[in-house]
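Notes to accompany the following structure.
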Amino acid sequence: MSQDDVPQEGLFFDMLRNRRVELEISRRYEDGEMRCPVHLSVGQEAISAGVCRAMKVGDQLVSTHRAHAHYLSKGGDLKRMLAEFHGKATGCCGGRGGSMHIFDRDAGMLLSLPIVASSIPVAVGAALAMKQAQTHSVAVVIFGDAAVEEGVFHEATNFAALKQLPVVFVCENNLFSVYTHLNDRQPDLPLQRLGAAHGIRSLTADGNDVEAVYRLTTEAFERARAGGGPSLLVFDTYRWLEHCGPGYDNDIGYRTEEEFQVWKARDPIERTRQKLFALGLLDEGSEAGLNAQIDQEIAEAFDFALESPLPTSSEFQIYA
Amino acid sequence: MSQDDVPQEGLFFDMLRNRRVELEISRRYEDGEMRCPVHLSVGQEAISAGVCRAMKVGDQLVSTHRAHAHYLSKGGDLKRMLAEFHGKATGCCGGRGGSMHIFDRDAGMLLSLPIVASSIPVAVGAALAMKQAQTHSVAVVIFGDAAVEEGVFHEATNFAALKQLPVVFVCENNLFSVYTHLNDRQPDLPLQRLGAAHGIRSLTADGNDVEAVYRLTTEAFERARAGGGPSLLVFDTYRWLEHCGPGYDNDIGYRTEEEFQVWKARDPIERTRQKLFALGLLDEGSEAGLNAQIDQEIAEAFDFALESPLPTSSEFQIYA
Amino acid sequence: MISAAEAIREATEQCLSADDRVYMMGQGVADPKGVFGTTLGLAQRFGSERVFETPVAENGMTGVAIGSALMGRRPIMVHQRVDFAMLALEQLLNNGAKMHFVTNGEHKVPLVVRLIIGRGWGQGPEHSQVLETVFASAPGLKVIMPSTPYDAKGMLIAAVEDDNPVIILEHRWLHAVIGHVPQEMYRAPLSGQNRMRVGDDVTIVASSFAVLEAMEAADLMAECGVQADLFDLRAVRPLDLTAIFESVRRTGRLIVVDTGWKMFGLGAEIVAQVTEQGFQHLRAPPIRLGLPDYPTPSSRGLVGAFYPSSQGVVEAVGRLSPEWIPRLRPAIDTIQTRRAKLPVDAPNPAFRGPF
Amino acid sequence: MISAAEAIREATEQCLSADDRVYMMGQGVADPKGVFGTTLGLAQRFGSERVFETPVAENGMTGVAIGSALMGRRPIMVHQRVDFAMLALEQLLNNGAKMHFVTNGEHKVPLVVRLIIGRGWGQGPEHSQVLETVFASAPGLKVIMPSTPYDAKGMLIAAVEDDNPVIILEHRWLHAVIGHVPQEMYRAPLSGQNRMRVGDDVTIVASSFAVLEAMEAADLMAECGVQADLFDLRAVRPLDLTAIFESVRRTGRLIVVDTGWKMFGLGAEIVAQVTEQGFQHLRAPPIRLGLPDYPTPSSRGLVGAFYPSSQGVVEAVGRLSPEWIPRLRPAIDTIQTRRAKLPVDAPNPAFRGPF
Ligand SMILES: Cc1ncc(C[n+]2csc(CCOP(=O)(O)OP(=O)(O)O)c2C)c(N)n1
Ligand SMILES: Cc1ncc(C[n+]2csc(CCOP(=O)(O)OP(=O)(O)O)c2C)c(N)n1
Ligand SMILES: [Mg+2]
Ligand SMILES: [Mg+2]
C-alpha cells in the first residue's frame, strides 16, 4: 500500500471527532441526563478510526461495552447514539439498550454486547453467514485484552480458523480489565500467541499509530475477502479516563500517573496532527474549521438527545 | 532417568489388567447387567498406566467419561468399579454415578465427569488447594482431544500458568470425538500448541509407548512438585472399540479398517510384552501366571458386583 | 405411521429443501448415527456447507449460530443432551432471548436449538436433565416440548420458520413413538395444548414424556369410570393456558405431571396461574407430580422411585377425590402388571444400551 | 449501625481470620473499589494468596473454586453481577450442586458464590438479572437472598461455614441500607424467613430488594388499619415455608413480591405450595408481583413500569379485599408523594452513576 492510499485526513477527522464527542460526554455527564454507564475510549481513538475506515459497505462491526468510538467511526449517527445514552425513544435502540448495546443496522454496526467476549462468536457467525451467502463481506469484532481470557474467544477462533471464515479479530490491548492489570490475569506473553495457536494469522502494530492500524487491517480485510481466512490483530494502547464513567482516576492507586503520562505523550491524535501539519495537509486554520464543524455537530446532537421524548413501555413485544 | 528406574513389569501388568478387564466388560455387556454407558480404553492402555504409575500418594487424578483405565491404574478397586457399573450399593458411588462419575477418595481419584472438559478447571482448583496447603502434591487431569475445543480448557490452563500451579494436563489424543475426526473440529496443528500459547511447557510422546509416557510424566510431576509449574502432555493413541459400548465399529463408516489395523499393529501391550521377553523379564510361564491372576481377580470382582445388593432410595440427602 | 425420530428427520429435510438459508450443525449431525437417526442422510443430500459437524464448544457454536441468524440465515443446532447446552446459557438467555427486544424490534434471531432429554440405562445425573424452567425463565425464547410424532414434525417446521429463537426439548424416549405424520410440509402451532382425552372429572396437564404416563393413566381410569380431561402441554413459552382454565372450571381438579424437577418446575407456574384465574372453581388443592428433589441417580435400583409414573397419576387422582379410590384399583393393578414386564431403566425390553 | 456493604466486609474479614482454609477470589476483590466496598482492605490484610484477582473467565474460575473446595479449602467467589455467572452455570449446577449426591455423600463442596444483582442507572438487560429460580432449580445448591445488614453478615458467615455450595444473591441497592449488626462473628440460619411485621389481614412474602418495597407498603397500610404479616423470604433453597403456611391459615390472603421475573419465578413455587398445603384457608386467589415478561430496559422512561413497587403491593392488597380499597387510599397517596421526589433509576438522589 502506498502512502497515498492511506486516507490521512479522514483518519484524523475520525479520531478528532471521537475525542471531542467523548470529552463532551465526560463534561456533561455530571448533569445526570445521561443515566447509563459510559466506557470512554479517550486515548484509544486510533484503533476504531484505523479499523473502521478500512471497512466497506456490507461489512459488519461487532463491539463491546466500550463501543462509542467504534460506532462513530463505523459511520454511526451521533444523534442516535447520544439519544440512546439519554434513554430516549430516538436512540439507536429506542432507549432499551443504553450505552452498552449500541446497534445500528444502517451503519453496519451489527451489535455491541456488555458481556465480555460474548460478541466474539456472534461475529464469527456473521462471517459464516457471509461465506454461506457468498457476499465477500467481512465481519470485524473489536474486543479488549480481557476478552481473550474467556473460553468463548478460543471456541470462536478455533471455528473461524477451521472454516477459514472472513472475520478479523481486533484486540484493543489497553493493559487493564477495569482496574486489574494484564499481569494479574495472564502470563507475560504477547497476546498474538493466542490467535496463532488456533492457526490464525496474528499480527500486532502500535495501537496509537492510526496509519499502522489502518494498513494492517486493510491488508487483513483484503485477505479475508479473498478467501484467505481470519486474522487476529493486536493493538496496544491506553485508556486515559477511568474504566467506566467520565473522570480521570490515576489517583485511586491501580496505575501510576507516570505510566499515564508516558502514554499521554503517545497521543494518537497529536501524532497524526503533527504528521498532517508536516505534510501540509492541515494548518491552524483548517484545524480550527474541523473543530468548529465537529463542535457544532456535537451541540446539535446533544440538543436532539435532550429534546427527544422518553420511550413509553406501552407496546413491548418480546417476540418477532 | 535410567532404564532401571522405569518399572517395566508394573507398567506391563497395569496395561494387561486394564485390557483384560475391559475385554471382559465388553464380553459380558450383552448380559444386560451393566446397565450404563461404558467408554472403553482398549488400545489406549499405555497412557493410564504410564501416567498413574508416576503418581504418588497424595496426588489426585481427575478424569472423564473414559475413566475405567485411569481408575484402575490409579489403584482403584476393581470390585467397587464393577459394582458401580452394575448399579450396586457397593459401587464406588453407591450406584448413583454409573460409569461416568467414577470417584474414589482412597485411590486418589478425585472425580471423573461426563461433561467434556468440565473436570479440567476442577483439577486446577485441586492444584491451587495443594499449593495453598503446601502439600507438594500434584493434580493430574486426563482428557481427550475434544476437550481442548471447550473454552474452559483455555480458562483453566491460563490460570494454571498464571499461578504456576502443580497440575499436569494429559491429553489422550485418539483422533476422534465420538465419530468426528480431529480434522472436522480443529485446524491441522499439533495439540501441544494450545498449552504453549498459555505459557505452559507442552510436550508430546508416543501414547502407545508406555515407557515414553512414564518418562515424560515423571519428569513433569517432578517439575510441578518442585514449583516449576504446569505441563501439558499430549499422547497420540487410538481407541480400538466403539466410542461408547462394547463392540467394534469400523464398519459403520467413520473410520477405515486399514486405519484401525495400522494402530492395532502398534498395540502398546504387545510392544511392551516383546520388550519384556527380550529383556528376560517375562516368559511364557510368568505371562500365563499374570493372566491367571488377573482373570481370577476379574471373576471375583464380577461375582462381587453381581451378588451385591441394589441401592434403595430411602435416605437421599442432597446436603452435607 | 412413522416414528418421531423419522418425523424429525423428514421435517429437517423439508426445511433444508424449502429454504436455502436453513442449515444444520451440531456434534453428530453428519456422523453415521445421525443423532439417534434424526439427521441421517442429510449431510449426504445437502452437502457439508448445509449440514456439518462442529467442534465440541457449545457456547461458542451457539454464538456462531446466533450471529448467522442475525444475518438472515436460519440455523438448526442440535445437542445430544440438554445438559450440554448448560454451557451455552449465556448466549441463549442473553443474545438469543434479548436481541429482538434490545434492538427495539429490529434484530431477529431465527434460531432453532434441539436439545435431547436423556433418560435411563444408567446414564446418570449429567445426561438426563430437563431444565425446562431454566429456558422458560427467559422472556424472548420460545420453548416447546413436543410429545407426538405429529408435533415433532409440525412444530419443528414451525420453529424453523419462526423468527424467534426456539428451544425444542425433545425426549429421547419419545423418538421411538409411532404415529400418523402427514408427508407434506405442515406446521403445528408453537403455543397452546393438545387435548388428548376429553372428560369432566379431573384436568391433567402433562408435558413431554410424562404425557405417555398420563395417557396410560387416563385410559385406564376411563375404564374405571373416571374421565380425565388430558392436555399435552406442548408449548412452555409462550404459555397460553386458556384451555386449561376452561377445563378446570368444569372439573374443579388439577394435576400437573412434569418431566423435569417438581420444585420450581413447570407445575408451579401452571398451578399458580390456575389458582389465580380459577380459584373459585377448584374443589381440591391442585397436585404437582415431577422429579423428586435430587439429581438423577444412575442405578436401576434408584430410578424406579425417581420418575413419575402412570400409577402416580392414578394415585394423585385418588388423593383429589378419595371416594374414587376403590374404583381406581383395577387401573393400578393393570399398571402394575404391565410394569412388572418392563425394564425400569430402558424404553423397552429390547433396548440394550449403551445409550 | 453499619451498612450492609460494611457488614459483608466485616463478615468476610472475620471468616478469613477465623479459618485459614477460607480464601476469596474474583474480579475486583483486590482492586481500589473492592466490589462496591465489600472487600476493601482484605487483600492488604490477608495477602495475595488469600484474596486475589482472577482472569475474566467465570466458568473456569468456578471450576477452580470447586476443585479447591473438594480438597478442603473454603473459597468465596464474587461476581460483580449475577449475569456474569451465567457463563458458569454448568460448573455450578453440575459440579457444585451434584457432587455430594453423586459421590454417595463423600465429597463436600464448601463454596460460597456472591452474585450481585444490578439495578438502575440505565445498565440495561444484561447487568440486572436476578435469575434466582435458575439457581434454585438445582437440588444440592443453597440459594439465599439476604435483605438486611444483619442477615448480610450472619448469613455470609453461615454460608462460609456450611459444607454445601451456597449462592448469595446480593442486591446492589441493599448495600447502602443501614442496620444493627453485632460486631462478633455470629451466624444467621440459611433457611427460614424473617418476620418483618405481624398482622392478621394479609400475608406478604418478599425477597431481596422487594422486601423494602413490601415494608413501606406494610408500614403505611398499618396506619390505614390493614395489618400485614410480612415475611422476608431470605432463603430460597432449601425452601421451608412452614411459617408462611401458618400465616396464611390465619390471614387467608397471600401476596408474593419477587425481585426477579414473575413468570416461572419464586412466587410460582410459593403460591403452588401454599395452595397445596393450605387451600382451604385461602379466601382469595394469591397474587404474585414481580418483573413483567421482558428484559430490563435501560431508559429511565421504561424502568418505572418495570420494577414492582410498594404502591403495587398496596394495590394488590386492594385486589384481594376490595372493601379495603377506600381505606388504603392514604397509603397510596403517601407513596406517590414520596416517590415523586426520588429518581426512578437510582437508589437515592445523590447517586450519580456510573454504576
Ligand atoms: C463475562 C463478564 N465478566 C465480567 C464483566 C465486567 N466487566 C465489564 S468491562 C470489563 C473489563 C474488560 O476488559 P477488556 O476486555 O480489556 O476491555 P476494556 O474495558 O479494557 O476496554 C469487565 C471485567 C463483564 N461485563 N462480563
Ligand atoms: C459438553 C459436552 N459436549 C458433548 C458431550 C458428548 N460427548 C461425550 S464423550 C464425547 C467425545 C469427547 O471426545 P474426546 O474428548 O476426544 O474423548 P474420547 O471420547 O475420544 O476419549 C462427546 C462429544 C459431552 N459429554 N459434553
Ligand atoms: Mg482492557
Ligand atoms: Mg478423542
Side-chain angles (χ1 to χ4, degrees), chain B residues 29-32 34-39 65 84-89 91 93-101 113-118 144-152 177-181 184-186 242-247 249 251-254 309-314 316-318, chain C residues 26-35 43-44 48 52-61 63 80-81 83-84 86-88 90 118 120-129 263 292-306 343-346 349-355:
Chain B
Y29 198 74
E30 285 299 298
D31 298 348
M34 284 173 281
R35 302 174 80 87
C36 67
V38 287
H39 300 82
H65 56 288
E84 188 66 29
F85 296 1
H86 285 74
K88 298 302 178 71
C93 295
R96 296 180 182 190
S99 76
M100 300 194 292
H101 283 276
L113 297 175
I115 301 296
V116 169
S118 180
D145 46 289
V148 303
E149 293 155 22
E150 291 283 2
V152 76
S177 168
V178 193
Y179 311 113
T180 310
H181 193 274
D184 290 326
R185 299 179 282 118
Q186 299 175 36
E242 60 187 326
H243 164 69
C244 178
D249 68 353
D251 55 312
I252 66 173
Y254 72 104
L310 287 168
T312 53
S313 48
S314 49
F316 278 143
Q317 269 195 238
I318 52 172
Chain C
Q27 299 162 33
V29 297
D31 80 14
K33 297 285 174 81
V35 189
Q44 288 77 350
S48 64
F52 55 89
E53 293 290 323
T54 67
V56 183
E58 289 76 8
N59 193 27
M61 293 315 303
Q80 307 234 12
R81 287 294 180 291
D83 312 68
F84 308 158
M86 296 171 83
L87 289 161
E90 195 282 315
W121 202 259
Q123 58 194 291
E126 296 177 12
H127 276 62
S128 54
Q129 292 174 86
M263 270 283 281
D293 205 34
Y294 49 86
T296 319
S298 169
S299 169
R300 69 181 182 281
L302 302 174
V303 292
F306 188 69
V344 69
D345 60 346
F351 192 86
R352 270 280 167 280
F355 262 78

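Throughout, a chain's letter reflects where its sequence line sits, starting with A, and its residues are numbered from 1.
- Note on B/Gly32, B/Pro37, B/Gly245, B/Gly94: by heavy-atom pairs under 4.5 Å with chain C, the leading option is B/Pro37.
- Across every non-hydrogen atom of B/Cys36 and C/Ser298, the tightest pair is CB-OG, 4.4 Å.
- Taking chain C as the reference chain and counting heavy-atom pairs below 4.5 Å, the highest number among B/Pro246, B/Pro114, B/Ala117 is found for B/Pro114.
- For C/Ser48, no part lies near chain B; criterion is any non-hydrogen pair under 4.5 Å.
- For B/Gln186, no part lies under 4.5 angstrom from a heavy atom of chain C.
- Taking OG1 from B/Thr312 and CG from C/Leu302, the interatomic distance works out to 7.5 Å, rounded to the nearest 0.5 Å.
- C/Glu53 CD to B/Arg185 CZ: the interatomic distance, rounded to the nearest 0.5 Å, is 9.5 Å.
- Between B/Ile252 and C/Lys33, the closest side-chain pair of non-hydrogen atoms falls below 4.5 Å.
- The greatest number of non-hydrogen atom pairs below 4.5 Å with chain C, out of B/Ala89, B/Gly97, B/Ser177, B/Gly91, is found for B/Gly97.
- In terms of non-hydrogen atom pairs under 4.5 Å with chain B, the most contact-rich of C/Pro32, C/Gly124, C/Pro125, C/Ala30 is C/Pro32.
- Interface remark: B/Ile318 contributes side-chain atoms only to the contact with chain C (heavy atom separation under 4.5 Å).
- For the pair B/Met100 and C/His127, the minimum side-chain heavy-atom distance is below 4.5 Å.
- Annotation: the span from C/Gln123 atom CD to B/His101 atom NE2 amounts to 10.0 Å, rounded to 0.5 Å.
- A 4.5 Å side-chain heavy-atom check between C/Gln27 and B/Thr180 finds every atom pair outside the cut-off.
- Between the OG atom in C/Ser299 and the CZ atom in B/Arg35 there is a gap of 10.5 Å [rounded to 0.5 Å].
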